[in-house]
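The block underneath contains the structure these notes are about, expressed in structure tokens.
Letters A, B, ... mirror the listed sequences (proteins, then strands); counts begin at 1.
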Amino acid sequence: GDSVTQTEGLVTLTKGLPVMLNCTYQTTYSPFLFWYVQHLNEAPKLLLKSSTDNKRTEHQGFYATLHKSSSSFHLQKSSVQLSDSALYFCALTPANSGTYQRFGTGTKLQVVP
Amino acid sequence: DPKIIQKPKYLVAVTGSEKILICEQYLGHNAMYWYRQSAKKPLEFMFSYSYQKLMDNQTASSRFQPQSSKKNHLDLQITALKPDDSATYFCASSQDLGGSQNTLYFGAGTRLSVL
């Protein structure tokens with residue numbers, strides 16, 4: 001079935017360092033991939049999305065590239081800030097069978113001074 | 001102003017009771033959803049609706065019943081509450097189901113505690 005895997009539960013980084021949060025997916029259909037960010041006690045909100053193979057998409061300093069060959073959509077940022085501390089979810093909507101988004105288990109990013 | 005209104009924000013219930021979670025969206029979207037978030041399952045899909053029609057149900061228990069009286073309204077009735085039902089319930093909406101129209105917009109959530 002369709003699924004999303006996020007391997008890191010918690011990532012702790014010092015401010016100013018680069019980060020990559022892993023996301024891989026499984027689907028037999030053409031995929032739409034999303035990253036959502038959830039700050040403490042807030043609702044998740046869209047960070048970025050893509051359905052185009054090998055094209056980098058960016059928003060608020062974060063970027064990701066959908067690679068269909070490896071079924072991946074990793075989230076990156078070159079220099080994390082304290083305000084980036086949050087829970088990050090990768091999500092998948094398969095084309096032709098998308099009645100809901102499948103979410104990964106989430107990665108908590110903790111940025112320390 | 002919030003575009004997706006969930007009521008109440010916090011809810012405390014006793015085991016065995018029944019509660020209704022309210023959700024209204026003012027984004028003009030055609031699809032609405034319920035997701036549940038707990039420590040065990042970070043964002044678990046429950047139901048999806050499109051034009052007031054149930055499209056998908058991934059909830060094993062019939063104790064959870066969605067109710068849509070209007071296109072922009074999707075309530076969640078939970079009966080015979082159990083402590084395991086304690087979670088934050090998020091209502092969400094999207095322009096339509098599927099593909100790039102499927103960007104989800106979430107309400108602020110209802111935090112349910114069952115004692």
Please look at B/Y35 and chain A and tell me whether the side chain, the backbone, both or neither of the residue comes under 4.5 angstrom of a heavy atom of that chain. side chain
Option in A/S50, A/G104, A/A91, A/P44 with maximal non-hydrogen atom pairs under 4.5 Å from chain B: A/P44
How about B/Q37 and A/Q38: does a side-chain donor come under 3.5 Å of a side-chain acceptor? yes
Carboxylate-amine/guanidinium contact A/D53 A/K68, below 4.0 Å: no
Students often mix this up, so state it plainly: with edges at 30° and 60°, are the rings of B/F106 and B/F90 parallel, tilted or perpendicular? perpendicular
Aromatic ring centroids of A/Y36 and A/F103 under 6.0 Å? yes
Measuring heavy-atom distances to chain A, does B/F45 have an atom under 4.5 Å in its side chain, in its backbone, in both, or in neither? side chain
Whatever's closer than 4.5 Å to a heavy atom in chain A on B/E44 counts as neither
